[in-house]
Trainee: 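Okay, here's the structure, questions in a sec.
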Amino acid sequence: MSVPSFGLGTFRLTGQTVIDSVKSALAVGYRVIDTAQIYKNEAEVGQAIAESGVPRSELFITTKIWVDNYAADKLIPSLRDSLQKLRTDYVDLLLIHWPAPGNGVELPEYMKALADAKQQGLARQIGVSNFNIELTRQAIAVVGKGEIATNQIELSPYLQNSKLTAFLKEQGITVTSYMTLAYGKVLKDPVLAQIAAKHKATVAQVALAWALQLGYAVIPSSTKRENLASNLLARGLTLDTDDMARIAKLERNGREVSPDGLAPTWD
């Protein structure tokens, strides 16, 4: 079981914008695409993949089940709809998007339905997103240890989530970092700018390299081909101990996303 370390995020991208982004990303070498039912772009992502000519076997596609579809009788039908839009028979990774406590569907019900999707071959791997430590424990209790491939969480130099990431590492669950650039806020950071100058790199490359070096997977998005290509170069950037220590000090619990009714009590 493995989650690739570098992919393309498609949050907030719709219509022709997401088609162009995915096609450009595939053209410059990306092979991992992350989408979700609530992004309302699965059909466009599917179209872009089809038009790119890249064989399905070379791709790793992730989608996420939206809270309206958590009930046992809705989750798999909604996934089949997603697969039709994505023009594929399966996704490589299927996630529960938010824990959504109190939405009327309890965790054991939706985690069991998620495991059923894997058993039916509709998803190669399963995981969660935006789960805290306690909810991740509960999810493991339902599907079994070793079954949860990743917990996709907001993570950046400004939100380093050390308790949760340590727990996930202990459990052998890959951390997938989203919003690694904190909606672009880290791009203006003077410390990161100094590190970038030292390595003749961009600030975005430094932030992504930091996450990769900690063993996390990243899924940055961009609408510009040159930025997509540039971000990919973060894989070849090695930060030294001093760089990593300086970035560690940027922690400020700078969370960007925590929607009421969807988010858990954060660790």
Side-chain angles (χ1 to χ4, degrees), residues 1-4 6-27 30-100 103 105 107 109-131 139 142-144 147-152 174 176 178 217 219 221 262:
M1 188 167 72
S2 66
V3 176
F6 209 104
L8 175 75
T10 62
F11 176 53
R12 290 187 156 181
L13 304 182
T14 55
Q16 192 60 43
T17 305
V18 76
I19 292 169
D20 292 344
S21 175
V22 171
K23 285 171 88 169
S24 293
L26 292 171
Y30 287 71
R31 289 297 179 266
V32 180
I33 311 291
D34 181 278
T35 182
Q37 292 176 340
I38 196 62
Y39 298 173
K40 304 205 181 307
N41 64 13
E42 289 172 317
E44 288 81 2
V45 168
Q47 180 186 331
I49 288 169
E51 290 175 1
S52 75
V54 175
R56 175 67 182 93
S57 59
E58 289 183 18
L59 297 172
F60 188 100
I61 302 172
T62 301
T63 197
K64 309 176 202 81
I65 301 289
W66 187 240
V67 295
D68 297 345
N69 301 321
Y70 284 3
D73 61 344
K74 288 184 178 174
L75 191 145
I76 287 175
S78 81
L79 172 57
R80 289 189 188 280
D81 184 49
S82 291
L83 294 177
Q84 199 171 1
K85 289 173 179 167
L86 289 163
R87 307 188 194 189
T88 183
D89 297 330
Y90 67 94
V91 285
D92 298 273
L93 179 60
L94 182 66
L95 306 179
I96 291 294
H97 204 150
W98 285 93
N103 83 330
V105 183
L107 180 147
E109 181 176 343
Y110 62 67
M111 287 307 301
K112 186 178 179 308
L114 196 70
D116 288 346
K118 181 182 174 184
Q119 202 170 9
Q120 291 180 33
L122 304 175
R124 296 271 168 94
Q125 299 183 73
I126 57 172
V128 295
S129 183
N130 301 299
F131 275 41
V142 176
V143 300
E147 280 299 300
I148 294 174
T150 193
N151 185 0
Q152 188 176 116
T174 299
T176 300
Y178 73 82
I219 44 169
S221 65
L262 298 180

Trainee: Applying side chain to side chain contact (heavy atoms under 4.5 Å, CB included) to Ile33 and Ile219, what does each step give before you reach the verdict?
Mentor: CA-CA 8 Å; Ile33 311 291; Ile219 44 169; over 6 Å; no

Trainee: Once salt bridge (charged side-chain N to carboxylate O under 4.0 Å, His left out) is applied, what residue pairs with a partner in residues 87-96 remain, sequence neighbours excluded?
Mentor: Arg56-Asp92

Trainee: Applying side chain to side chain contact (heavy atoms under 4.5 Å, CB included), run through Phe60 and Gln125 and close with a yes or a no.
Mentor: CA-CA 11 Å; Phe60 188 100; Gln125 299 183 73; 3.7 Å; yes

Trainee: Looking only at heavy atoms, what is the nearest atom pair of Ala25 and Leu8, with distance?
Mentor: CB-CD2, 3.7 Å

Trainee: Please determine which of Val32, Ile49, Leu93 meets the side chain to side chain contact (heavy atoms under 4.5 Å, CB included) test together with Ile61.
Mentor: Ile49

Trainee: Residues two or more places apart in sequence or in another chain: which of them pass side-chain contact (heavy atoms from CB on, under 4.5 Å) with Val143?
Mentor: Met111, Ala115, Ile126, Glu147, Ile148

Trainee: With sequence neighbours left out, which residue pairs that include part of residues 34-45 fulfil the salt bridge (charged side-chain N to carboxylate O under 4.0 Å, His left out) condition?
Mentor: Asp34-Lys64

Trainee: List for me each residue that meets side-chain contact (heavy atoms from CB on, under 4.5 Å) alongside Asn103, sequence neighbours excluded, and say none if there are none.
Mentor: Val67, Tyr70, Ala100, Val105

Trainee: Strictly distance-based, threshold 3.5 Å: is any side-chain N or O of Asn41 a donor or acceptor partner for the main-chain N or O of Leu13?
Mentor: yes

Trainee: Decide whether Thr176 and Thr150 meet the rule of one side-chain donor and one side-chain acceptor closer than 3.5 Å.
Mentor: yes

Trainee: Determine, for Tyr39 and Arg12, whether the Lys NZ or Arg CZ falls below 6.0 Å from the six-membered ring centre while staying within 45 degrees of the axis.
Mentor: no

Trainee: By salt bridge (Lys or Arg N to Asp or Glu O under 4.0 Å), which residues pair with Glu51, not counting sequence neighbours?
Mentor: Lys23

Trainee: If the condition is ring pair (Phe, Tyr, Trp, His ring centres under 6.0 Å), which residues does Phe131 pass it with, not counting sequence neighbours?
Mentor: none

Trainee: With sequence neighbours left out, what residues match Thr62 under side-chain hydrogen bond (donor to acceptor under 3.5 Å, both in side chains)?
Mentor: none

Trainee: Just verifying a value: how many Å separate Thr63 OG1 and Lys85 NZ, rounded to the nearest 0.5 Å?
Mentor: 9.0 Å

Trainee: Who pairs with Arg31 by salt bridge (Lys or Arg N to Asp or Glu O under 4.0 Å), at least two apart in sequence or on another chain?
Mentor: Glu58

Trainee: Check Ala117 against Leu94 and note the closest heavy-atom contact, atom names and distance.
Mentor: CB-CD2, 3.9 Å

Trainee: Taking the side chain as everything from C-beta on, heavy atoms only, tell me whether Pro99 gets closer than 4.5 Å to Asn130.
Mentor: yes

Trainee: Determine all donor-acceptor pairs shorter than 3.5 Å in which one atom belongs to a side chain in residues 15-22; sequence neighbours excluded.
Mentor:
from, atom 1, to, atom 2, distance (Å)
Gln16, NE2, Asp20, OD1, 2.8
Ser21, OG, Ser222, O, 2.8

Trainee: Just jot down the salt bridge (Lys or Arg N to Asp or Glu O under 4.0 Å) partners of Asp116, sequence neighbours excluded, or say none.
Mentor: Lys112

Trainee: Tell me the closest heavy-atom pair linking Ser129 and Leu95, and the distance in Å.
Mentor: CB-CD1, 4.4 Å

Trainee: If you count the non-hydrogen atoms of other residues, nucleotides and ligands that lie under 6.0 Å from CD in Gln120, is the total more than 12?
Mentor: yes

Trainee: Given side chains that start at C-beta, do those of Leu122 and Arg80 come closer than 4.5 Å, heavy atoms only?
Mentor: yes

Trainee: Quick one: list whatever passes side-chain contact (heavy atoms from CB on, under 4.5 Å) with Pro77, sequence neighbours left out.
Mentor: none

Trainee: Using distance alone, with no hydrogens and no angle criterion, decide if Gln37 and Ser78 have a side-chain donor and acceptor under 3.5 Å apart.
Mentor: yes

Trainee: Quick check: closest heavy atoms across Tyr90 and Leu83, and the distance to 0.1 Å?
Mentor: C-CD2, 3.6 Å

Trainee: Supply the atom-to-atom distance Leu75 CG to Trp66 CH2, rounded to the nearest 0.5 angstrom.
Mentor: 14.0 Å

Trainee: Starting at CD1 of Ile76, measure out to CG of Asn69 and round the result to the nearest 0.5 Å.
Mentor: 12.0 Å

Trainee: First locate atom CG of Leu114, then atom CG of Leu107, and finally report the distance between them rounded to the nearest 0.5 Å.
Mentor: 10.0 Å

Trainee: Check His97 against Ala36 and note the closest heavy-atom contact, atom names and distance.
Mentor: CE1-CB, 3.6 Å

Trainee: Got a sec, which residues hit ring pair (Phe, Tyr, Trp, His ring centres under 6.0 Å) with Phe6, two or more places apart in sequence or on another chain?
Mentor: Tyr30

Trainee: Closest approach of Val3 and Ala217, non-hydrogen atoms and distance?
Mentor: CG1-CB, 4.4 Å

